[in-house]
Amino acid sequence: MQIQLNGEARDLAPDLTVAQLIDSLGLTGRRIAVERNEEIVPRSEHPTTHLVDGDRVEIVHAIGGG
């Protein structure tokens, strides 16, 4: 399947979850926010939210500062 990840086309295995995508990108455990088709995906729903062909996913890293 193909999705848009942060504005770039990305080919992925079918039936991938948001949690699996995060893991494949090496972002597990980091402070991130995930948006799928312009809706925030709560962290508690990452393991059960399946991506489908054509999804638009944005992943944003939280950066601390002062």
Side-chain angles (χ1 to χ4, degrees):
M1 79 176 155
Q2 189 174 70
I3 67 166
Q4 289 287 319
L5 178 60
N6 292 347
E8 295 184 17
R10 181 76 69 111
D11 289 316
L12 301 173
D15 204 37
L16 198 71
T17 65
V18 170
Q20 290 168 321
L21 174 63
I22 292 168
D23 187 52
S24 73
L25 296 171
L27 299 174
T28 301
R30 297 210 183 164
R31 296 182 64 200
I32 59 171
V34 179
E35 182 182 278
R36 177 178 163 242
N37 301 326
E38 300 182 8
E39 292 188 17
I40 296 293
V41 180
R43 185 177 301 271
S44 63
E45 294 179 16
H46 289 182
T48 58
T49 301
H50 290 265
L51 300 171
V52 297
D53 193 50
D55 275 348
R56 294 182 324 260
V57 178
E58 298 289 329
I59 299 177
V60 179
H61 298 262
I63 299 174

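By convention here, the first residue in the shown sequence is residue 1. Everything numeric in this text was worked out from a predicted model, so none of it was measured.
Pairs passing the side chain to side chain donor-acceptor pair (under 3.5 Å) check and including a residue from residues 34-43, sequence neighbours excluded, read R36-D55, N37-D55, E38-R56.
Going from atom CD of E58 over to atom CD1 of I32 covers 12.5 Å, rounded to the nearest 0.5 Å. Atom CZ of R10 is separated from atom CD of Q4 by 11.0 Å, given to the nearest 0.5 angstrom. The line from CD1 of I3 to CG of D53 is 9.5 Å long, rounded to the nearest 0.5 Å.
Of all heavy-atom pairs between M1 and V52, the closest is SD-C, 3.7 Å.
No donor-acceptor pair closer than 3.5 Å links the side chain of E45 to the backbone N or O of P42. Side-chain N or O atoms of N6 include one that pairs as donor or acceptor with a backbone N or O of I59 at under 3.5 Å.
The only member of D23, I22, T17, V18 that meets side chain to side chain contact (heavy atoms under 4.5 Å, CB included) when paired with Q20 is T17.
With sequence neighbours left out, the side-chain contact (heavy atoms from CB on, under 4.5 Å) criterion links S24 to L21.
By the rule that hydrophobic residues join a cluster once side-chain heavy atoms approach within less than 4.5 Å of another member, V60 and L25 end up as members of separate clusters.
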